[in-house]
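So the structure is just underneath, and the comments pick up after that.
Positions are given from 1, in the same order as the sequence printed here. Only this structure's heavy atoms are used, side chains among them; waters, hydrogens and symmetry mates stay out.
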Amino acid sequence: MILLFIRLYEQETNKKKCQLRITRQELSENSGLSVKTVNRSIKQMEEKDYITKKGYTIEISQQQYGQMKAYIAEKMAASENKEVKTISKT
């Protein structure tokens, strides 16, 4: 979900804030996740302040976008470190 929201933010012309009026079904179709998983993900992302929900609109500020990018960069670095350790053991 985070990658989807990053992509949607980057497609917006106003880079300070992205306002999305998108249904959970549409998010499900765009992410490949079930609607239940989308619901859980949105709740978790809101709790971690990656997004803000206002009624039927999801808002992503420039700061929240930066937090999501940092999270993904951290996960990618951790994944690369695991691969390097696995390769060096063989």
Side-chain angles (χ1 to χ4, degrees):
M1 284 297 300
I2 288 178
L3 290 173
L4 175 61
F5 283 129
I6 287 172
R7 184 170 47 92
L8 292 172
Y9 180 91
E10 290 173 348
Q11 289 174 353
E12 284 292 308
T13 54
N14 177 4
K15 295 290 185 182
K16 294 194 189 262
K17 186 187 286 186
C18 172
Q19 294 183 323
L20 303 170
R21 291 219 18 121
I22 188 168
T23 67
R24 291 178 185 339
Q25 182 63 42
E26 290 170 322
L27 288 171
S28 172
E29 291 167 3
N30 284 308
S31 66
L33 302 171
S34 71
V35 174
K36 284 184 179 184
T37 302
V38 166
N39 289 335
R40 282 193 300 270
S41 297
I42 287 174
K43 184 177 181 180
Q44 290 171 351
M45 291 176 70
E46 189 174 21
E47 289 170 355
K48 293 180 180 180
D49 197 34
Y50 291 140
I51 62 171
T52 304
K53 270 184 51 192
K54 291 188 177 180
Y56 293 107
T57 303
I58 294 173
E59 291 185 356
I60 304 169
S61 69
Q62 193 170 19
Q63 179 183 356
Q64 290 168 321
Y65 168 74
Q67 289 173 310
M68 286 190 280
K69 291 282 281 190
Y71 174 82
I72 293 299
E74 180 182 313
K75 292 295 182 185
M76 294 294 291
S79 175
E80 288 173 6
N81 287 339
K82 284 182 184 178
E83 288 178 20
V84 169
K85 288 179 184 177
T86 303
I87 291 170
S88 63
K89 287 181 180 179
T90 57

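Of the inter-residue distances, the one linking Q64 atom CD with C18 atom SG reads 10.5 Å to the nearest 0.5 angstrom. To the nearest 0.5 angstrom, L20 atom CG is 8.5 Å from L4 atom CG. Here the CD1 atom belonging to I51 is positioned 10.5 Å from the CD atom belonging to Q44, to the nearest 0.5 angstrom. Rounded to the nearest 0.5 Å, atoms CE (M1) and CE (M68) are 10.0 Å apart.
Residues in residues 44-59 take part in these salt bridge (Lys or Arg N to Asp or Glu O under 4.0 Å) pairs, two or more places apart or across chains: K17-E59, K54-E59. Within the structure, ring pair (Phe, Tyr, Trp, His ring centres under 6.0 Å) pairs that include any residue of residues 28-56 comprise Y50-Y71 (at least two apart or interchain).
Nearest heavy atom pair, residue I2 against residue M45, reads CG1-CE, 3.6 Å. In terms of heavy atoms, V38 sits closest to S31 at CG2-OG, 4.1 Å. For I22 against E26, the heavy-atom pair with the smallest separation is CG1-OE1, 3.2 Å. Shortest non-hydrogen contact noted between Y65 and I60 is N-CG2, 3.9 Å.
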*asked:* For a salt bridge (charged side-chain N to carboxylate O under 4.0 Å, His left out) check, start with the C-alpha distance between E10 and K69, then their side-chain angles and the critical distance, and finish with the verdict.
replied: CA-CA 11 Å; E10 290 173 348; K69 291 282 281 190; 3.5 Å; yes
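L8 and V35 sit in two unconnected hydrophobic clusters of ILVMFWY residues. Membership requires side-chain heavy atoms under 4.5 Å apart, directly or through other members.
With sequence neighbours excluded, the residues satisfying side-chain contact (heavy atoms from CB on, under 4.5 Å) with T37 are L33, S34, R40, S41.
Residues I58 and I42 have side chains in contact (heavy-atom distance under 4.5 Å, counting atoms from C-beta outward).
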